[in-house]
Each structure stands twice: as C-alpha cells, then as structure tokens.
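Any value given below was found using the heavy atoms of this structure, including those in side chains, with hydrogens, waters and symmetry copies removed. Chain identifiers are assigned alphabetically (A, B, ...) following the order of the sequence lines, protein sequences preceding nucleic acid strands; residue numbering begins at 1 within each chain.
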Amino acid sequence: MPNHTSKPLVLVDGSSYLFRAFHALPPLTNSHGEPTGAMHGVLNMLDKLRKDYDPEHMAVIFDAPGKTFRDDMFPDYKANRPPMPDDLRGQIEPLLDIIKAQGYPLLIIPDVEADDVIGTLAQEYAGKVIISTGDKDMAQLVDARVHLINTMSGLYSDPAGVVEKFGVAPERIRDYLTLIGDTVDNVPGVNKVGPKTAVKWLAEYGSLENIMAHADEFKGKVGEYLREALAHLPLSYELVTIKCDVALDCSPEALTFTPPDVDKLHALYERYEFRTRLAGLGKETPPNLPLSGEEQEGGASGSPPDKGELEGVSSAEGVSYQTILTQADLDTWLQRLQAAAEFAFDTETTSLDYMEAQIVGVSFAISAGEAAYLPLAHDYLGAPPQLDRDATLAQLKPLLEDPALRKIGQNLKYDRSVLLNHGIELRGIAHDTMLESYVLDSTANRHDMDTLCAKYLNHTTISFIDIAGKGKNQLTFNQIALEQATPYAAEDADMTLQLHQHFWPQLQALDAQCKLYEEVEVPLVSVLSSIERNGVKVDATMLAKQSKELETRMQEVVKQAYAAADQEFNLASPKQLGEILYTKLGLHAPRKTPKGQPSTAEDVLEELAAQGHELPTLILEHRGLAKLKSTYTDKLPEQINPRTGRVHTSYHQAVASTGRLSSSDPNLQNIPIRTEEGRRIRQAFIADTGNKLLAADYSQIELRIMAHLSGDKGLLDAFAHGLDVHRATAAEVFGTPLAEVSIEQRRAAKAINFGLIYGMSAFGLAKQLGVDRRDAQDYVNLYFARYPGVKQYMDDTREQARAQGYVETLFGRRLFLPDIQSKNAVTRQYAERTAINAPMQGTAADIIKKAMIAVAAWLRDSGLQTRMIMQVHDELVFEVPEAELETVRAQVTALMTGAVTLDVPLVVDSGVGDNWDEAH
DNA sequence: TTGCTCACG
DNA sequence: GACGTACGTGAGCAAC
C-alpha cells in the first residue's frame with residue numbers, strides 16, 4: 001500500500017537509547033531511592049521526536065529478553081556484555097508501561113533483535129523513514145529514503161552524512177563493521193584493524209570481498225592478522241548484517257498512536273515522581289511531592305523547587321555541605337566570608353582549558369567540615385533554578401579582589417585564570433595547598449588534591465570520574481546533578497582548608513622553606529598565570545609551509561631507505577628497524593637496550609653511520625624530520641587559541657623535583673634550537689605588530705652557582721675576571737696558557753664542566769668526549785687537583801645527603817633522596833648524582849623565579865605595555881612595544897642580574913628581534 | 001598503558 | 001669481577 005501522507009515513519013531503537021540514557025544521564029532517583037534517570041532520558045527523547053516529526057506512523061522497538069537467532073549462529077555472541085546493572089533493569093518494566101500508556105505502538109518481538117525489526121519495518125514501508133538510534137550499526141540501513149537521527153546528539157545521517165561520519169558509504173558499512181569487529185558484542189574483526197585502517201582498505205580495494213580476495217597483498221603484522229581472520233570474517237559479516245526480512249505480524253501502516261491512558265499515566269508518574277509530566281496531565285499536583293531533581297522540559301514551567309531536599313546535605317561524620325540557591329543564603333555566606341580571617345574556595349568550570357573555562361559554580365569553606373557550594377550554571381534537564389551567574393559573581397567580585405581577604409586554594413593559578421575570564425582579578429592569594437605540599441616534599445609524584453587527601457588526611461575524595469564518567473562521553477560540570485555536585489564541590493573547598501591546616505604548621509616550623517614558599521612560590525602564581533594568558537604569537541602559515549617541505553623531504557628519505565633495505569618497512573618502528581639492520585643486513589649491534597633489544601638509539605645509529613652504512617644515516621635524518629614535523633610544525637598551529645590567535649602553554653609549578661618549572665600543552669621549553677632546520681621553527685614565534693621579542697638569558701648560571709656553593713678559589717676567580725670559563729678550565733687542566741688553549745681542549749673542558757654539574761663518572765665523560773676511559777679519568781683527576789674546592793664540595797654534598805637524607809638549594813629548597821642509602825649500587829649512585837645536580841639546578845630555578853617576580857612587579861608598577869611571555873629555565877622572553885625596548889632591556893637585565901647576590905657575578909645576555917630565532 | 005626516542009635547559 | 005653509568009622535563013609513536 002502506497003504511503004499517502006508526506007509524514008515519515010519514525011522508528012525508535014528503544015534498547016539503544018535505554019542504555020545510552022542510563023550511562024549518560026546522572027543517576028536520578030525518586031524519593032524512595034528508585035532510579036529513574038534512564039526513564040527520563042527515553043521519555044524526553046520520545047517527546048522530542050514526536051514534536052520534531054509529528055509522525056502518523058511511529059513505533060518504539062525494544063529487544064526481547066532471551067536468545068536470538070544470532071546466538072544460535074555464534075554461541076559467543078555478546079559474550080562480553082556485562083550483566084545489566086540492577087539500577088537499569090528495574091527501570092525497564094515501568095518505562096515500557098509508561099510508553100504503552102502514552103499511546104505509542106510498542107514492539108518487542110521474541111527471537112529477533114530490535115535492529116532486525118527496525119530493518120524489516122523500514123524495508124516494508126513505502127515512504128520516508130526516520131530511524132532514531134544511537135547505534136552505529138544502523139548506518140547500513142541508510143539510503144535515499146531511510147535516514148537516521150541520533151536524538152541524543154542531534155546528529156542526522158543521510159547517505160552523505162554516513163560517508164562523512166564513517167568515511168564509507170552506507171552499502172559498505174557492513175564490510176566496515178566486519179573488519180573492525182565489535183568487542184562489546186564479541187564479534188571478531190581483524191586484529192589491530194580499527195576505523196582508520198578499515199576505511200583505508202575499503203577505499204583502496206572497494207569491498208570486503210575484494211580485500212579478502214587479495215589478502216596476500218597486505219604487508220606487515222596487520223597483513224598476517226588479516227589472513228588469520230579470513231576464516232571467521234564471513235560469520236562476522238552475517239552477525240553485523242541487520243535482517244530486513246523477519247516475519248512480523250504487523251505492517252508499518254498499522255503502527256498508529258492510541259489515546260493515552262490518563263489514569264494509568266497519573267499513577268505511574270506519581271509513583272516515580274515525574275512532576276512536570278504530572279502537571280502536564282492536567283490533574284492537580286499533590287502538595288507534598290518531594291523534588292527529585294529531574295525533568296523540566298523547555299517551556300513547561302514547574303513550580304520553584306523546594307530547597308529543603310537539597311540543603312544541608314550532610315553525612316554522619318559531622319560534615320555539613322550546603323547548596324546555596326537563594327539570595328538569602330548567599331547573603332549569609334558573603335557576610336561569613338567577609339568576616340573570616342581567611343577562607344578556602346574552589347571554582348567548578350566547563351573546561352580544563354584555562355583560557356576558555358566558564359564558571360559553573362563556586363565552593364567555600366571557613367572551618368573544617370563545613371562548606372557550601374554555590375551553583376550558578378548547571379543546565380542539565382531538570383536542573384533547579386539557580387542564582388544568576390553574572391549578578392552573583394558581581395557580588396563576589398569585591399571579596400575576591402580584596403587583597404586583605406586571605407584566600408586558600410588548590411592550584412589557584414587555574415582559579416585565577418577562570419575568574420579573569422569573568423572579569424575578576426583574584427587578589428589576596430595567601431596559600432596554595434599544592435605548593436605547600438611541593439615545598440615540603442618536591443619528590444612526591446603528585447600534588448593533586450585527591451592524592452594529598454589520601455596521603456595526609458586519610459580521606460578518599462569523591463573522584464570526578466565517579467560523578468562525570470570518563471572518555472569522550474564525560475560530562476562537564478554544568479551537566480552534573482546538584483545532588484552530586486554539592487558534595488563533590490563543597491568537599492573540594494573543605495579538603496583544601498583541611499590540607500592547609502595540615503601543611504601550614506609544618507611549613508612554619510621550617511624557616512627557609514617557609515620563606516621560599518611565601519616569597520617565591522606563592523607570589524609566582526599570579527606571574528605564571530599572566531605569562532600563560534599573555535600567550536605567544538605563532539605564525540601558522542609559516543609552520544604549514546615548513547610542514548610541507550618536511551613532508552617532501554621525508555618521502556625522499558623513505559624511498560632511499562626502502563632501496564637501501566631492499567624492502568618497505570616502518571622507519572619509525574624501532575622493532576622493524578632492528579630486524580632489518582641486525583638480522584637482514586647483518587650489521588653488528590653495538591649495544592642493547594635495557595630490555596635486551598638491539599638498540600637503535602641515536603648514538604648507535606651514528607656509530608653505524610660513521611662506519612659507512614647508508615641506512616642508519618637515512619634513519620637518523622628521517623627521525624629528525626619526523627620529530628620536527630609531528631611535534632612542532634604540525635601540532636603548534638593546532639594549539640593556537642582561535643580567540644586570541646596565540647598559543648597558551650601551561651606552566652607547572654609542582655612537577656619538577658629540583659624546583660624548576662615545566663611546560664605543557666604545548667611544551668614551549670623544548671622548541672628546537674640546536675640545528676639549522678630546527679631553528680626555523682623559532683622563526684615562527686613572532687612579535688605582534690609594533691613589538692619586538694626580547695630574549696634574556698643567564699650565562700653559565702649553573703657553573704656560577706657551583707663556584708659560589710663550592711667557594712673554589714680558582715673557579716671564583718675565573719668568573720670574577722669575566723673569563724670564558726671553559727677556556728679557563730682548559731688552561732688549568734691542561735696546563736696551557738689561556739691564549740694557547742686549542743679548540744679541542746676547550747671542548748673537553750666544556751664537557752667536564754657539564755659533567756660536573758650532572759655528577760658525572762669517568763665512563764660518561766669518556767663516552768661524551770669519545771676518548772678512552774682512562775684518559776677521561778685523568779682529566780677528572782686533573783680537574784679536581786686544580787679545583788680542590790669543587791672536589792671538596794662534591795664530597796661534602798654526597799656526605800650531607802647520606803647523613804640527612806636530603807640536599808638543599810642555596811635558598812633551602814629541599815630534595816629528599818631516600819635512595820642514597822640503597823644497597824643497590826646502581827640505585828644509590830643514581831641518587832648520588834641527583835644529590836650533586838639538584839642543588840645547582842634547583843638554585844638556578846630559585847634565582848630565575850625571584851627574577852620573574854621582580855620583573856613582573858616592575859612591569860606592573862611602571863605602567864609599560866611590555867608582556868612577559870615565556871620562561872625556558874634560564875631564559876625569559878618578552879614581547880616589547882618598540883618604544884619601550886631600551887628601557888625594558890636595561891631594566892630586565894638589571895633585575896635578572898640583581899635577583900640575588902652571590903660570590904660570583906651573574907651575567908645576562910639579551911637579544912632583540914622580530915622572532916624568537918632573531919632574538920637569540 | 002608502557003617503553004623508546006628525541007626536543008629543550 | 002660484573003654491572004651500569006651525566007641531571008631535569010614533555011610529546012609522539014609503536015606495541016602491548
């Protein structure tokens with residue numbers, strides 16, 4: 001029978017939505033604790049479909065319990081499926097009852113999966129069909145007449161949409177699904193073949209059939225896996241094929257709505273406390289129905305929620321966490337915060353990206369165990385009305401900007417940035433628990449709140465994953481139900497306060513560390529935050545051009561390498577390379593990796609290259625090019641913030657055990673400089689119009705610190721006289737007049753100087769210099785004879801580390817070395833080298849941190865437009881308006897050299913240019 | 001997720 | 001006599 005209306009047939013994959021709604025939505029319950037979240041999800045979705053399409057024919061299809069024909073075909077089918085959670089199982093019956101009572105045609109056909117019922121109905125119907133599903137397998141049903149809508153994501157798929165989403169046409173979806181398999185349903189595909197490979201193969205060979213016919217042409221491991229899979233692929237193909245010819249005793253045209261059973265719906269809605277739906281039935285809402293934190297469809301205005309259910313959420317341990325939903329409650333808290341000597345707070349936001357994050361809520365704590373969460377932008381379906389975000393933040397602004405009101409936080413650098421996104425400049429940063437922990441023990445692996453609570457308060461915090469899930473479906477905080485958000489957020493503020501109460505007395509008992517914390521780490525928070533927000537201008541066009549050039553050169557190298565190896569292989573795989581070099585070509589492996597594989601490390605390949613082998617040379621070139629391309633020229637442009645047009649790194653203040661900063665996303669502390677082609681990347685770091693980049697770096701700072709700490713007369717003299725220290729060292733060690741030091745002697749002396757900073761061995765020096773180990777030992781002995789103070793310092797430091805279990809920087813930053821007592825010689829020696837290196841590396845870090853604070857303060861007070869934009873361990877980079885160049889260059893140099901007074905002069909070199917390369 | 005490799009100071 | 005051997009980071013990739 002031809003379809004005589006223009007309205008489509010709407011088929012709903014109920015089972016697919018049930019699971020997705022269950023996992024995606026917060027676990028809502030009614031007041032009896034019965035879960036209702038999945039029911040809400042499915043019902044809201046049905047409402048939306050009916051509203052969007054106003055169909056005449058519609059059906060909701062669920063899987064029938066029990067086996068289907070697929071289980072007969074393949075006993076392991078869906079064997080990996082976890083059992084249905086009880087919280088979901090309990091929602092099915094009432095959900096089906098409600099759907100039926102609402103008048104939807106409901107189909108549950110035994111022995112057949114919902115997919116097959118939908119496929120058959122779609123096939124039988126003559127007109128347009130809309131299938132509402134979240135299941136990717138359904139894409140195989142799409143054609144000009146049959147389209148998909150994912151009502152949860154809003155994604156609509158016609159044939160072009162399928163191609164866009166999967167990379168293959170609808171008629172190839174079954175081939176595609178067969179190749180990748182389905183771990184959840186336990187349908188075997190081809191090992192190691194995922195969406196990318198499947199699309200690639202299908203593009204190349206056209207069909208699964210053709211791929212199988214040419215299975216012997218596929219190279220490498222995946223080729224083997226393909227051949228292994230040949231036997232089971234036909235079965236997998238059957239399993240992923242949706243049947244479109246199952247016997248049904250109803251025709252699609254018979255699928256029409258029946259009038260709703262109002263009485264039954266009323267009873268069900270009441271039972272599960274669906275308030276808005278009850279209201280929609282036109283009957284009176286019972287007065288005492290508690291709020292279940294659920295539905296509130298757009299437009300349908302519910303009565304304002306009772307706040308009773310949300311407030312004073314408290315547990316048995318005397319913990320009281322309040323949700324602030326009214327102006328009256330907010331006023332009370334504002335007064336308490338204003339009156340408090342200091343308070344802890346934490347922001348909840350939409351994103352981890354500090355440049356883009358928007359505030360969702362703020363939590364406060366004034367005394368241990370008592371905290372409040374102020375939600376401002378939770379916008380999930382059914383979220384209760386909250387105080388207006390902008391108006392409320394305007395009320396908080398005076399408090400947060402008051403330098404006299406002392407704030408305590410965990411990683412306040414982030415909160416400062418988030419507040420700035422709303423025009424609030426956080427002042428009065430008194431304590432940061434992450435930094436307290438770091439200063440007390442920089443060797444702890446992590447200083448995040450969850451770790452600190454477990455370690456010091458013996459308390460397991462609610463993890464974000466527990467309330468938001470993980471992976472690509474992770475919820476953002478605005479989607480979290482207040483019932484869960486309040487305990488989580490309030491706990492953050494509470495725990496921050498309690499951690500501070502734990503750390504602060506310990507810190508106060510340690511004069512040097514306390515000073516370091518208060519005068520360096522805490523003031524640095526705002527400085528780093530400003531640098532991050534300033535960002536760096538990067539020329540994306542220039543990098544894109546470099547990417548292309550690198551690609552071209554890499555392809556040439558790859559071709560030559562295939563020729564040299566007489567076969568094709570993955571140049572980036574150490575394993576394949578090892579096989580070719582050492583097995584196929586029979587080269588002798590100079591050494592092995594710690595795990596016993598023949599090494600393909602750079603120095604090894606260089607050695608082989610030096611022996612005249614072609615392939616290692618090509619590999620080295622390829623590695624260098626690939627690194628530059630993938631890490632820098634390809635990635636950096638992607639990390640430009642579209643709003644600011646600049647890249648904004650993150651500096652981590654509590655990661656490096658020595659006291660250094662680290663940088664990530666992107667890491668701006670490892671931009672190439674050592675090779676010509678690498679330096680071109682620095683040319684893409686540019687100054688804004690009318691500005692120049694100023695780069696100022698400390699010269700030889702770690703060696704100067706070594707001279708200062710050791711007090712060695714000879715070394716101090718060399719620096720005092722402004723000598724080239726490597727040359728001076730060479731003159732001493734080799735007994736040559738300064739003017740006659742050869743290039744080779746200077747190079748050796750430089751290696752010794754660096755080796756000293758790293759706590760070297762004669763072996764390491766020999767390797768570095770490419771000389772005999774005994775010669776290297778002679779150099780070391782000579783050095784120590786000429787610089788006895790250095791020798792003494794090294795011995796004292798090792799001894800001090802053994803006696804105290806830690807070493808210190810000049811400013812008292814401690815680094816613990818428990819391994820210094822180890823019975824294992826390797827472990828112990830490692831700790832000894834760290835003991836030598838950490839005071840020098842750490843003191844240098846302390847010094848540049850002090851300089852950064854001084855420079856930032858000067859820039860702020862001077863009213864200049866210059867911005868500090870990068871720190872690279874011994875270098876600071878500024879973006880300077882041309883008119884300010886002279887002033888800034890002079891003052892930055894003065895502040896950096898004068899950051900501390902040592903027994904040696906500090907020297908700062910600086911350069912200016914249109915880009916970072918030029919500024920060096 | 002881990003190990004290797006390689007970019008920086 | 002053997003062993004492993006220069007400090008500190010972060011990122012991309014292959015392989016599990």
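Proximity note for A/Thr834 (side chain, C-beta onward) versus C/dG8, B/dA7, B/dG9: the nearest is C/dG8. In the set B/dG9, B/dA7, C/dA6, the nucleotide with an atom closest to the side chain of A/Arg660 is B/dG9. Among the nucleotides C/dG8, B/dG9, C/dT5, the one closest to the side chain of A/Asp874 is B/dG9. Ranking C/dA6, C/dA11, B/dG9 by closeness to the A/Thr631 side chain, first place goes to C/dA11. Counting only heavy atoms from C-beta on, A/Ser657 has its side chain closest to C/dT9 among C/dT9, C/dG4, C/dA11.
Taking atom P on both nucleotides, C/dT5 is separated from B/dT5 by 13 Å, rounded to a whole Å. Rounded to whole Å, the P atom of C/dA6 lies 15 Å from the corresponding atom of B/dC4.
No side-chain donor from either of A/Gln560 and A/Glu556 sits under 3.5 Å from a side-chain acceptor of the other. Side-chain contact of A/Asp796 with A/Gln800: a donor-acceptor pair under 3.5 Å is absent, judged by distance alone.
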Please list, pair by pair, any protein nitrogen or oxygen found under 3.5 Å from a nitrogen or oxygen in nucleotides 14-16 of chain C.
from: C/dA14; atom 1: OP1; to: A/Asn570; atom 2: ND2; distance (Å): 3.3
from: C/dA14; atom 1: O3'; to: A/Ser573; atom 2: OG; distance (Å): 3.3
from: C/dA15; atom 1: OP1; to: A/Ser573; atom 2: OG; distance (Å): 2.6
from: C/dC16; atom 1: OP1; to: A/Lys575; atom 2: NZ; distance (Å): 3.1

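Within 4.0 Å (heavy atoms only), A/Leu628 reaches no atom of the nucleic acid at all. Backbone-only engagement by A/Asp665 is indicated by non-hydrogen atom pairs under 4.0 Å involving sugar-phosphate atoms exclusively. Residue A/Ile671 is classed as a sugar-phosphate contact, given heavy-atom separations below 4.0 Å to backbone atoms only. Residue contacts for A/Glu702: at a heavy-atom cut-off of 4.0 Å it reaches no nucleic acid atom on any strand shown. Among the protein residues, A/Asn667 comes within range of the sugar-phosphate backbone only, with heavy atoms under 4.0 Å from sugar or phosphate atoms but none that close to a base.
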Next item on the list: Just do the salt bridge (Lys or Arg N to Asp or Glu O under 4.0 Å) check on A/Arg747 and A/Glu744 with the steps written out, would you?
Entry: CA-CA 5 Å; A/Arg747 192 177 76 92; A/Glu744 191 48 40; 3.3 Å; yes
Checklist line | Trace of the salt bridge (Lys or Arg N to Asp or Glu O under 4.0 Å) decision for A/Arg660 with A/Glu702 | finding: CA-CA 13 Å; A/Arg660 273 192 180 177; A/Glu702 291 184 10; 3.6 Å; yes
Item checked: Verdict with supporting geometry, A/Gln683 and A/Glu918, side chain to side chain donor-acceptor pair (under 3.5 Å) -> CA-CA 7 Å; A/Gln683 293 166 10; A/Glu918 263 182 41; over 6 Å; no
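Atom CG of A/Leu668 is separated from atom P of B/dA7 by 17 Å (rounded to the nearest Å). Residue A/Glu832 contributes atom CD, which lies 15 Å from atom P of C/dT5 at whole-angstrom precision.
A cation-pi contact links A/Lys850 to A/Phe811, judged by a cut-off of 6.0 Å to the six-membered ring centre and 45° from its axis.
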Next item on the list: Map every base of DNA chain C to its dot-bracket character, where paired means a Watson-Crick or G-U wobble contact with both distances under 3.5 Å and | marks a partner outside the strand.
Entry: ......|||||||||.
